[in-house]
Amino acid sequence: MFAWIPRWPRHAAIAAGVALALLVYGAWSTWVIMTAQPNPTIDYIAKLNELTLEGQPEGANGWVLVRDIIINDLEYDPDMVEGNETFQSLSRIGLAGLETGSWDNAKFQPYIEELESHRSLIRKLDAIRSFPKFQIPYPYKGESVFDSTENGIQQPLWDVLLFDAYGPIRRLCITNKYLMRAAANRGDYDDVVERFSTSLLLSDALARHPLAIDQLVALAIKSDVFTELTRLLNEFKFPLDALESLIAMVEAFDRPISTSANRWLRGEQLVAFDCAQWSHSTRLFGAEFILVDQFEILTGGGLFGPGLPVELEVFRNIGSLFFTGRQKHDVEAEQAYLELSEIIELPRREFHDSARVLYSKYERSPFQMESSLRSLVGAIDVIRWRETYFHGVRVMLFIERHYAIHGEWPGTLVVAMSEVDARDPISGREYHYEFVGERANQRPYVLSMPWNLNNGSDPEINAIRPGFDEAGLEILESENSEVVP
């Protein structure tokens, strides 16, 4: 057909045609990449809500009770992050430093009176124990946690956190903690147990939600009420029946760290998968390719360093040519989270040694997997630290129970409890206990966490209550002068 064309020009024409075809294909591919949009196909919000309910019994949802208090009693507006006078009052009480010093201080009296006015409101929270399950639904686009539906318009999981609910819940729990101190001051130990129970139940309810941030908020509520309990044990002589009730309650919520960690690691894995579907577009070259600009927005990380000038941002996604597709991301994420879950229960030093191995394995990951693992290990560290502390408070309750029964302090921990109970479930070492004699506003013994920190001191579990913070209260009074007569 082309016999009339000289040989060399013919080859040149074919080469030029191939080059032109490649150029057109390359230009088309580049245009597709530059103008591509995310192509989410899986409803991970629904999957996250399903994971929250996994293992929970059927029945009424306790969130209905808490939601009603936040919406109707506090008139909370999540968009404005404010509510009615009751909500503002809870905020003032939370900032007044009522966990410090002696309540005999005259400067505290207006806030204590204000606190007492919320007793009936906080008692509404006690009904949380009658609900078999608790779920704050993760909301769809355009919704809040207070009006979320079962189906809606998808949005990245990074935008569906439950912060709208956490603010008012934290204020309610702080007020409940202060009312626990008020109950001890008037000798009502049944109410002390009730207040402790309500905060513990709310903490456990939030911990059923399967993201790391949910666990940390639940942990903050639990830490608050446990810390206040140790201070009250220092300052008051609890009757035996109250101590027995508190021990039973703590034991009921004393679960291995892996029980909750495996759930929220699965939740974080869903976030990773969802991030991938919101930062990848339709198939090109046989795979879903990464949208560099969307990936950086979702993760807050820069794949290529500082951003390009605005007029050149459209070219940013061309970088996807240098990355593997979504399937590789999902396989890598699944493997990384599985490996992390397998080392959670290792002793502290072995856990960190194994974590460093994981970091090195994923340090060249194009999906910032090393950074994700470091964040999760940090969260696990906090949880492990607090689990040691919570178990230590249980040890303190055993010591107090021994004194209530025998009228004398135990010489060693194993006199008051079993060897297993005397040991930290995280490190496997026995808690440090030393009888030191009478001390003002404090028990005559020191109970410490057996973590052997680098500075040579271990955190004291039954530490004395912090002193009155007059400077902080003066700042609050200047901002809310109408509270103080």
Side-chain angles (χ1 to χ4, degrees), residues 51-53 55-57 61-67 69-70 90 94 99 121-136 145 161-181 183 191-232 245-264 267 379-380 382-394 396-397 425-426 461:
L51 186 55
T52 303
L53 292 174
Q56 294 199 55
N61 184 1
W63 169 237
V64 174
L65 167 71
V66 178
R67 178 188 177 278
I69 292 173
I70 294 172
L90 296 184
E99 73 275 10
L121 170 65
I122 297 303
R123 284 194 179 279
K124 287 185 177 183
L125 283 175
D126 295 346
I128 193 69
R129 61 179 48 83
S130 64
F131 291 86
K133 71 179 182 183
F134 192 95
Q135 178 206 19
I136 306 175
V145 295
L161 301 179
L162 305 179
F163 289 132
D164 286 349
Y166 289 156
I169 289 175
R170 287 280 285 127
R171 283 172 171 80
L172 290 166
C173 287
I174 289 171
T175 304
N176 180 67
K177 175 187 70 173
Y178 290 154
L179 285 171
M180 185 170 81
R181 185 179 184 185
D191 197 36
V192 171
V193 173
E194 190 86 354
R195 300 299 105 235
F196 181 78
S197 170
T198 295
S199 281
L200 199 55
L201 283 163
L202 275 168
S203 170
D204 181 70
L206 295 185
R208 300 177 196 181
H209 297 80
L211 293 180
I213 186 63
D214 303 324
Q215 306 306 308
L216 294 177
V217 173
L219 205 62
I221 292 172
K222 189 174 180 180
S223 295
D224 270 357
V225 74
F226 267 68
T227 300
E228 182 57 38
L229 178 61
T230 63
R231 292 165 179 171
L232 296 178
S245 296
L246 290 166
I247 289 172
M249 206 175 305
V250 171
E251 289 179 340
F253 292 95
D254 186 20
R255 304 184 183 95
I257 186 172
S258 58
T259 302
S260 62
N262 285 330
R263 176 192 293 264
W264 63 259
I380 292 170
V382 172
I383 293 171
R384 287 161 62 96
W385 174 275
R386 299 317 294 176
E387 285 301 318
T388 293
Y389 174 73
F390 298 146
H391 192 82
V393 175
R394 180 167 170 250
M396 186 177 180
L397 286 167
I426 302 299
I461 294 168

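Partners of Phe131 under the ring pair (Phe, Tyr, Trp, His ring centres under 6.0 Å) rule, at least two apart in sequence or in another chain, do not exist in this structure. For Phe226, the ring pair (Phe, Tyr, Trp, His ring centres under 6.0 Å) partners two or more places apart in sequence, or in a different chain, are Phe196, Phe390. Listed by chain and residue number, nothing satisfies the side-chain hydrogen bond (donor to acceptor under 3.5 Å, both in side chains) test with Thr230 (two or more places apart in sequence, or in another chain). Under the rule for a salt bridge (Lys or Arg N to Asp or Glu O under 4.0 Å), Asp164 has no partner lying at least two apart in sequence or in another chain. Checked against side chain to side chain contact (heavy atoms under 4.5 Å, CB included), Ala127 has the following partners two or more places apart in sequence or in another chain: Leu65, Ser130. The side-chain hydrogen bond (donor to acceptor under 3.5 Å, both in side chains) test applied to Asp126 returns Arg195, Thr198, not counting sequence neighbours. A search for salt bridge (Lys or Arg N to Asp or Glu O under 4.0 Å) contacts involving Arg231 returns nothing, not counting sequence neighbours. Partners of Glu387 by salt bridge (Lys or Arg N to Asp or Glu O under 4.0 Å), not counting sequence neighbours: none found. For Arg181, the side chain to side chain contact (heavy atoms under 4.5 Å, CB included) criterion is met by Trp103, Asn185, Glu228, Leu232, Arg465, not counting sequence neighbours. Scored by the side chain to side chain contact (heavy atoms under 4.5 Å, CB included) test, Ser197 finds Arg129, Leu201, Met249 as partners (sequence neighbours excluded).
A donor-acceptor pair is defined here as one N or O able to donate and one able to accept, closer than 3.5 Å; no such pair exists between the side chain of Arg394 and the backbone of Glu251.
Separating the CG atom in Leu121 from the CZ atom in Arg123 is a distance of 12.0 Å, to the nearest 0.5 Å. The CG atom of Leu53 sits 4.0 Å away from atom CD of Gln135, with the distance rounded to the nearest 0.5 Å. Between the CG atom of Asp224 and the CG atom of Leu219 there is a distance of 10.0 Å, given to the nearest 0.5 Å. To the nearest 0.5 angstrom, Leu202 atom CG is 8.0 Å from Leu172 atom CG. Going from atom CZ of Arg170 over to atom OG1 of Thr175 covers 10.5 Å, rounded to the nearest 0.5 Å. Between the CG atom in Leu90 and the CD1 atom in Ile122 there is a gap of 6.0 Å [rounded to 0.5 Å].
In terms of heavy-atom proximity, Ile221 sits nearest to Ser199 at CG2-O, 3.8 Å. The two atoms that bring Ala165 and Trp63 nearest to each other are CB-CH2, 3.7 Å, heavy atoms only. Considering every non-hydrogen atom in both Ile461 and Gly392, the closest pair reads CD1-CA, 3.5 Å. Taking both residues in full, the closest heavy atoms of Val66 and Phe134 are given as CG2-CE1, 3.8 Å, listed atom of the first, atom of the second, then distance. Taking both residues in full, the closest heavy atoms of Val225 and Met180 are given as O-CE, 3.7 Å, listed atom of the first, atom of the second, then distance. The minimum heavy-atom distance between Val193 and Ser245, with the atom names listed, is CG1-CB, 4.0 Å.
In this structure, the side chains of Ile136 and Leu206 come closer than 4.5 Å at one or more pairs of heavy atoms. Ile70 places a side-chain heavy atom less than 4.5 Å from the side chain of Ile169. Side chains of Asp191 and Glu194 form a contact here, defined as non-hydrogen atoms less than 4.5 Å apart. Residues Val393 and Val250 fail the side-chain proximity criterion, which asks for heavy atoms closer than 4.5 Å.
The salt bridge (charged side-chain N to carboxylate O under 4.0 Å, His left out) contacts involving residues 198-207 comprise Asp204-Arg208, Asp204-Arg255, where partners must be two or more places apart or lie in separate chains.
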Listing, residues 210-218 side-chain donor-acceptor contacts under 3.5 Å, not counting sequence neighbours, or none:
| from | atom 1 | to | atom 2 | distance (Å) |
| --- | --- | --- | --- | --- |
| Asp214 | OD1 | Tyr166 | OH | 2.4 |
| Asp214 | OD2 | Tyr138 | OH | 2.5 |
| Asp214 | OD2 | Leu211 | N | 3.2 |
| Gln215 | NE2 | Ala207 | O | 3.0 |
| Gln215 | NE2 | His209 | O | 2.6 |

